Amino acid sequence: MTTPEHSASAKIDVRYVAHLARMHLSDDEVARLQPQLEQIVGYVRQLNELDVAGLEPTAHAIPAQNVFRADEIRPGLDHAVAMANAPQAREGQFIVPKIIE
Amino acid sequence: MNYEANIGLEVHVQLKTKSKIFCGCPTIFGAPPNTHVCPVCLGYPGAMPAMNAAAVRLTVLSGLMLGCRINPYSKMDRKNYYYPDMPKNYQISQYDQPLCLGGGLEITRPDGSKKMIRLTRIHIEEDVGKNMHFASSSGIDFNRAGTPLMEIVTEPDMANADEALAFLEGLKEILRYGGISACNLEEGNLRCDVNSSVRPAGQAALGTKTELKNMNTFKGVHGALLHELARQIAEVQQGRRIRQETRRWDDAAGITLAMRSKEEAHDYRYFPEPDLLPIVLSQAQIDDWAKTLPELPEQRRARMIRDYGIPEYDAGVLAADRAVADYFEATAKHGKSAKAASNWIMTTVLAKLAGQHLTIGEVQITPAQLAGLINLVEAKTINMPTAKEVFELMFAQGGDAAEIVKARGLAQVSDAGAIEKLVDDAIAANPKVVADFKGGKEASLKFLVGQVMKLSQGKANPGLVNDLLRRKLA
């Protein structure tokens with residue numbers, strides 16, 4: 001499925017990707033995930049072999065566009081329902097660890 | 001050495017829609033926290049956004065008013081980052097295919113000269129929630145999350161704080177005219193990030209820029225820039241490098257402070273938003289919308305001077321607000337004198353509104369009613385002091401000027417016989433003042449006119465009183 005060539009060109013920084021996802025990984029996990037992620041990215045990278053020089057890039061696979069909603073108010077969630085899953089609440093707000101700018 | 005500055009703005013404008021950009025929650029300001037929320041704006045997994053057509057239309061209209069090219073193909077993208085006020089951990093925005101490209105806004109500098117400030121682009125995106133800080137935690141209110149915003153990005157074309165201020169004021173005027181945004185600064189309808197840098201005069205490359213985030217008053221932007229540009233010049237003069245960083249304006253202290261430096265560049269990993277389809281605009285659609293555009297402030301000023309013969313100053317005051325300009329034109333059309341209408345609106349109506357913190361839309365007096373009042377003055381049915389009195393009554397409870405004047409018997413007394421009687425009474429009651437006047441003291445006549453006006457309960461025609469007194473005392 002994956003050739004060594006693909007793996008070699010798919011070197012990724014697992015710690016950086018984990019940081020972007022706000023995940024804390026142990027050294028063992030980094031060592032285990034490194035080849036797995038490279039294999040996945042290497043597999044997708046096979047697409048680079050296709051000649052797409054004459055093709056327009058597209059953001060969507062389906063030929064649809066302009067799906068709009070009229071500017072109308074619709075009922076949302078009751079406050080109590082919205083707050084039901086909040087681990088902590090105060091004065092109607094979701095409480096989170098103090099934000100430091 | 002002389003330095004020049006380059007300032008670019010990223011202005012976030014809240015679009016005037018009833019509902020949020022991707023869901024049907026209302027955009028009304030000031031509701032109790034987390035009462036205008038739903039699965040979409042709370043970022044529940046699986047909840048699907050649906051684009052508000054009005055947000056697209058208002059942004060395209062803005063682009064047309066600002067001379068932008070409207071992108072025939074535009075799409076939404078995800079901007080990924082973590083912040084507690086953004087529940088999905090990504091903001092839906094536009095990256096490489098914004099709705100509007102290019103364009104510009106001509107500003108008037110304090111010395112009256114004009115300068116074109118170029119725009120880079122305008123895109124739409126969703127607002128985030130609002131956070132408040134407690135002693136050991138922070139609270140999040142998601143009512144604002146999902147409010148439709150338009151981000152207007154300028155080229156670094158402004159050279160000083162005054163030009164940045166002129167740009168913001170000009171932009172606000174146009175957006176209010178177009179009905180794009182209420183531009184209510186107190187409610188956070190218009191917020192901006194300010195990028196600025198300095199370089200030795202004549203140097204081609206721009207200097208290193210700093211960014212002032214989330215400024216929400218024009219005065220704040222002006223004050224912050226005055227300080228920030230002076231700080232940057234002082235740094236460079238002392239041989240230090242400007243660090244590329246985000247700074248915060250401390251309004252109370254009057255200084256900017258470093259927030260975070262960009263040693264860790266943001267990696268937003270933009271990618272096309274899979275839940276929203278591209279926006280494809282035909283020229284026919286754009287032309288249709290363009291037909292609904294109002295006259296822009298600059299054109300309107302010129303036309304009002306031409307059509308109503310009012311001075312440039314008056315046109316500037318009246319046209320600054322579209323609703324005020326509409327009110328003036330409606331009044332002028334009903335009335336006999338456009339200049340009188342202008343005077344009444346500029347001095348009396350606007351002053352009264354400012355005093356009571358009201359807008360022109362909340363005035364009880366219709367333009368036709370105001371014109372009726374003005375016409376009574378022009379026809380000399382009532383004098384000016386009486387007119388002001390009638391205005392107060394109309395302002396408080398509405399109503400027709402002629403009816404109020406009739407019901408209260410306020411019509412000016414121009415009957416020479418009736419006034420003559422009062423003039424005689426005033427002369428008889430004030431022999432000393434009469435003697436003074438006859439002895440050459442001109443000012444004494446004013447006193448006598450005042451006495452007659454008082455006897456007439458303010459209703460006498462002052463011109464007639466004056467004439468009669470002079471005749472009798474000659």
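Every chain is numbered from 1 and lettered A, B, ... according to where its sequence line falls, protein lines coming before strand lines. Nothing here was measured: the structure is a model prediction, and the numbers come from that model.
Contact between B:Ala53 and A:Phe68 at its shortest, heavy atoms only, is CB-CB, 3.8 Å. In plain terms, the two heavy atoms of B:Pro33 and A:Gly92 that are nearest each other are CB-O, 3.6 Å. What you find for A:Ala82 and B:Tyr44 is that their closest heavy atoms are O-OH, 4.1 Å. Smallest separation of non-hydrogen atoms from A:Arg69 and B:Gly24: NH1-CA, 3.8 Å. Considering all non-hydrogen atoms of both residues, A:Gly76 and B:Cys38 come closest at CA-CB, 3.9 Å. For B:Phe134 against A:Lys98, the heavy-atom pair with the smallest separation is O-NZ, 2.9 Å.
Applying the salt bridge (Lys or Arg N to Asp or Glu O under 4.0 Å) test to residues at least two apart or on different chains, none of the pairs has a partner in residues 77-90 of chain A.
If you measure heavy-atom distances from B:Pro39 to chain A, the contacts under 4.5 Å come from both the backbone and the side chain. With a 4.5 angstrom heavy-atom cutoff, B:Lys20 touches chain A only via backbone atoms. For A:Gln88, no part lies near chain B; criterion is any non-hydrogen pair under 4.5 Å. Only the side chain of B:Leu42 comes within less than 4.5 Å of a heavy atom in chain A; its backbone stays farther off. Residue contact with chain A, scored on non-hydrogen atoms closer than 4.5 Å, involves the backbone of B:Ala135 exclusively. Looking at B:Lys18, the atoms closer than 4.5 Å to chain A (heavy atoms on both sides) sit in the backbone and in the side chain alike. Residue contact with chain A, scored on non-hydrogen atoms closer than 4.5 Å, involves the backbone of B:Ser136 exclusively. Neither the backbone nor the side chain of A:Ala86 comes within contact range of chain B; no heavy atom of the residue lies under 4.5 Å from a heavy atom of that chain. For B:Val56, the part lying under 4.5 angstrom from a heavy atom of chain A is the side chain only.
Formation of a donor-acceptor pair under 3.5 Å by the B:Ser138 side chain with backbone atoms of A:Ile99 is found in this model. Distance alone, capped at 3.5 Å, places no donor-acceptor pair between the B:Asn34 side chain and the A:His79 backbone. In this structure a side-chain-to-backbone donor-acceptor pair under 3.5 Å is missing from A:His60 to B:Asp275. Judged by distance alone, the side chain of A:Arg74 and the main-chain N or O of B:Cys23 form no donor-acceptor pair under 3.5 Å.
The structure places OG of B:Ser19 at 4.0 Å from CG of A:Asp71, a figure rounded to the nearest 0.5 Å. The distance from atom CZ of B:Phe142 to atom CG of A:Leu77, rounded to the nearest 0.5 Å, is 12.5 Å. Note that CG of B:Asp141 is 6.0 Å distant from CD of A:Gln93, once rounded to the nearest 0.5 Å.
Of the residues considered (B:Val40, B:Asp77, B:Val37), B:Val37 shows the highest number of contacts with chain A, using heavy-atom pairs under 4.5 Å. Across B:Tyr73, B:Phe271, B:Phe22, the residue that shares the most heavy-atom pairs under 4.5 angstrom with chain A is B:Phe22. Residue with the most contacts toward chain A among B:Pro148, B:Ala54, B:Pro84: B:Pro84 (heavy-atom pairs, distance under 4.5 Å).
Contacts with chain A (heavy atom to heavy atom, under 4.5 Å) involve no residue of residues 88-100 of chain B.
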Quiz item: Could you walk me through whether A:Leu20 and B:Asn80 pass the side chain to side chain contact (heavy atoms under 4.5 Å, CB included) check?
Solution: CA-CA 9 Å; A:Leu20 286 178; B:Asn80 299 278; over 6 Å; no

